[in-house]
Amino acid sequence: MAINLNKLSADTSLPELKRQVTQEHINLYATASGDFNPVHIDPEFAKQTPLGGTIAHGMLVLAYVSEFMTTSFGQAWLTGGSLSARFKAPARPDDTITVNGKVTNLQKKGGVVSVSCDILCVNQQGEPVIVCETKVRVKTNEDIS
Amino acid sequence: MTQARIEYEKLTAGYEFTPAEFQLDEEKVAAYLQAVDDNTRIYEENKVVPPMAVAALAMAALSTGLVLPDGTIHVSQDLEFNEMAVTGERLTSHARVNRKVERGKFHMLTIEINVTNQKNKKVITGETSFILPLS
């Protein structure tokens, strides 16, 4: 469900997204992306590292941010979106990741609105996993639904 | 184009990787969507490939030419989505080392990635940084 561009303003909260990370998802992501770093898929190896166990690929969790933005901005995100993300803490198997975000700035120029957002992914303990800034350019006559 | 494999130790700022081609197969995209648990209709209905899948596959193509030590951690990611990609397209990933920082035990590598389609239009651009577990 896309948001209504006319109802957006600075401080508007975007619809929350929740996803559970499982070791199965991590293994599937390793296969899909070709990233078989053992910190993601080898519990015995990962246990010996300072991480203490396997962790999800950062790009797997970042995919939730992209889904979050797609839900709100549709095709505009896919062809005019950008993000700048910092991975603050690892996501581990069985973590529940909640993605929240709000609009921080809107700039109208010509027929295009540039929307800036602050996005935060936290685990079930409320610890930040990803801190991210996003921007998306939406044409004012564009159907983002 | 065959990727020449290079070890982390031999990389220097400015090093350009051999461009790597990859195909957006339906199976690969479906496997990606299953892994990230994404059921957004736009991907199914319009054969659009999620830009994050393009980024993941571009990094996978790049990784065939780069040997990073086990335990390497991804610390930041910047991405810009331009042209939309659709299932079946063949894309090319271009990458270069932007920065290589080594201060004592702190080793960080930043790589710029550009992915283009067959019309040579930019699909995604970005920069990715890793911290390496070196002593």
Side-chain angles (χ1 to χ4, degrees), chain A residues 2 17 19-22 24-40 42 45-46 48-51 55-67 69-71 74-88 90 130-136 145, chain B residues 20 22 25 27-43 45-46 48-64 68-86 121-131 133:
Chain A
L17 178 89
R19 286 285 178 273
Q20 185 169 30
V21 178
T22 65
E24 190 189 350
H25 284 125
I26 297 170
N27 295 345
L28 285 168
Y29 191 88
T31 304
S33 68
D35 181 350
F36 295 101
N37 185 331
V39 297
H40 303 304
D42 183 343
F45 174 90
Q48 308 303 318
T49 71
L51 296 164
I55 60 169
H57 303 74
M59 292 288 276
L60 193 167
V61 185
L62 196 55
Y64 303 155
V65 172
S66 189
E67 182 184 351
M69 291 297 291
T70 307
T71 302
Q75 196 169 314
W77 172 248
L78 306 177
T79 53
S82 64
L83 61 83
S84 181
R86 301 292 170 264
F87 300 107
K88 307 300 278 186
I130 293 180
V131 175
C132 188
E133 289 174 14
T134 61
K135 281 188 184 162
V136 56
S145 58
Chain B
F22 60 100
D25 297 329
E27 302 75 36
K28 279 187 196 166
V29 176
Y32 173 88
L33 289 171
Q34 191 186 357
V36 300
D37 204 9
D38 189 342
N39 302 308
T40 307
R41 279 188 312 167
I42 193 169
Y43 303 132
E45 289 172 357
N46 303 326
V48 172
V49 177
M52 290 298 295
V54 174
L57 294 172
M59 287 170 77
L62 165 69
S63 71
T64 62
L68 292 176
D70 288 346
T72 296
I73 302 290
H74 193 173
V75 289
S76 70
Q77 182 68 56
D78 290 1
L79 283 170
E80 189 173 329
F81 309 142
N82 303 294
E83 288 287 312
M84 201 147 53
V86 293
K121 289 192 169 172
K122 283 184 180 175
V123 177
I124 60 168
T125 58
E127 193 180 78
T128 183
S129 295
F130 302 98
I131 286 180

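In what follows, chains are A, B, ... by sequence order, proteins preceding strands, each numbered from 1. As a basis for the values below, the full set of heavy atoms in this structure was taken, side chains included, without hydrogen atoms, waters or symmetry mates.
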Novice: Looking at B/S76, B/A30, B/A60, which one has more heavy-atom pairs under 4.5 Å with chain A than the rest?
Specialist: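 Among the listed options, the one with the most contacts to chain A is B/S76.
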Novice: Is chain A contacted by the side chain of B/A55, its backbone, both, or neither, given a heavy-atom distance below 4.5 Å?
Specialist: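 Its backbone and side chain both get close to chain A.
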Novice: Within this structure, what is the OH-OG1 distance for the pair A/Y64 and A/T71, rounded to the nearest 0.5 Å?
Specialist: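 Spacing of OH (A/Y64) from OG1 (A/T71) equals 13.5 Å.
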Novice: If you measure from CD1 on A/I130 to CG on A/L83, what distance do you get to the nearest 0.5 Å?
Specialist: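 The distance works out to 9.0 Å.
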Novice: Of the listed residues (A/A56, A/P38, A/G81, A/S33), which shares the most heavy-atom pairs with chain B below a 4.5 Å separation?
Specialist: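 Of A/A56, A/P38, A/G81, A/S33, A/G81 has the most heavy-atom pairs under 4.5 Å with chain B.
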Novice: Relative to chain A, which of B/Q77, B/M59, B/E27 shows the most heavy atom pairs under 4.5 Å?
Specialist: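 Looking at each of B/Q77, B/M59, B/E27 in turn, B/Q77 comes out on top.
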Novice: Just verifying a value: how many Å separate B/Y43 OH and A/L78 CG, rounded to the nearest 0.5 Å?
Specialist: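 Here the interatomic distance stands at 4.5 Å.
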Novice: B/P50 and side-chain contact (heavy atoms from CB on, under 4.5 Å): which single residue from B/V36, B/T40, B/V29 fits?
Specialist: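 Considering B/V36, B/T40, B/V29, a side-chain contact (heavy atoms from CB on, under 4.5 Å) with B/P50 is found only for B/V29.
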Novice: At a heavy-atom distance under 4.5 Å, which candidate from A/V21, A/L62, A/L17, A/N27 has the highest pair count against chain B?
Specialist: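 Most pairs with chain B among the choices: A/L62.
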Novice: If you define the side chain from C-beta out and look only at heavy atoms, does anything of A/T134 sit under 4.5 Å from A/W77?
Specialist: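 Heavy-atom side-chain distance check passes, below 4.5 Å.
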Novice: May I ask you to name which of A/M59, A/E133, A/H57, A/K135 has the most heavy-atom pairs under 4.5 Å with chain B?
Specialist: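 With the most close heavy-atom pairs to chain B, the winner is A/M59.
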Novice: Can you tell which part of A/N37 gets under 4.5 Å to a heavy atom of chain B, answering side chain, backbone, both or neither?
Specialist: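 Only the side chain of A/N37 comes within 4.5 Å of chain B.
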Novice: Relative to chain B, which segment of A/F36 carries a heavy atom at a distance below 4.5 Å: side chain, backbone, both, or neither?
Specialist: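 No part of it gets close to chain B.
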Novice: Do you know which of B/E83, B/E80, B/H74, B/R41 has the most heavy-atom pairs under 4.5 Å to chain A?
Specialist: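 The answer is B/H74.
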Novice: Which one of A/A32, A/P90, A/A46, A/G58 has the most heavy-atom pairs closer than 4.5 Å to chain B?
Specialist: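 Most pairs with chain B among the choices: A/A32.
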Novice: Quick one: pull up CG in B/N82 and CD1 in B/I124 and give me the separation to the nearest 0.5 Å.
Specialist: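 The CG atom of B/N82 sits 9.0 Å away from the CD1 atom of B/I124.
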Novice: Please state whether the side chain, the backbone, both or neither of A/L51 comes within less than 4.5 Å of a heavy atom of chain B.
Specialist: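 Looking at A/L51, just its side chain touches chain B.
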Novice: Looking only at heavy atoms, what is the nearest atom pair of B/K122 and B/T125, with distance?
Specialist: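 Smallest interatomic distance, heavy atoms only, reads CD-CG2, 3.6 Å.
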Novice: Give, as side chain, backbone, both or neither, the part of A/I26 having an atom under 4.5 angstrom from any heavy atom of chain B.
Specialist: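 No part of it gets close to chain B.
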Novice: Could you state the interatomic distance from CG (B/D37) to CD (A/E67), rounded to the nearest 0.5 Å?
Specialist: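 Here the rounded value is 7.5 Å.
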Novice: A/R86 versus chain B, heavy atoms under 4.5 Å apart: side chain, backbone, both or neither?
Specialist: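 A/R86 touches chain B through backbone and side-chain heavy atoms alike.
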Novice: Who wins among B/T72, B/L57, B/N46 for the most heavy-atom pairs under 4.5 Å with chain A?
Specialist: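 Heavy-atom pair counts peak at B/T72.
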Novice: Does A/Q20, at its CD atom, have more than 12 non-hydrogen atoms belonging to other residues, nucleotides or ligands within less than 6.0 Å?
Specialist: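 Atom CD in A/Q20 is packed in, count exceeds 12.
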Novice: CG/A/L60 to CD1/A/I55 distance, rounded to the nearest 0.5 angstrom?
Specialist: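 The distance works out to 11.0 Å.
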Novice: Output the option from A/A30, A/C132, A/S66, A/P50 having the highest count of non-hydrogen pairs under 4.5 Å with chain B.
Specialist: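 Of the options given, most contacts go to A/S66.
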Novice: Name the member of B/Q34, B/E127, B/M84 that forms the most heavy-atom pairs with chain A at distances under 4.5 Å.
Specialist: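 The candidate making the most pairs under 4.5 Å is B/M84.
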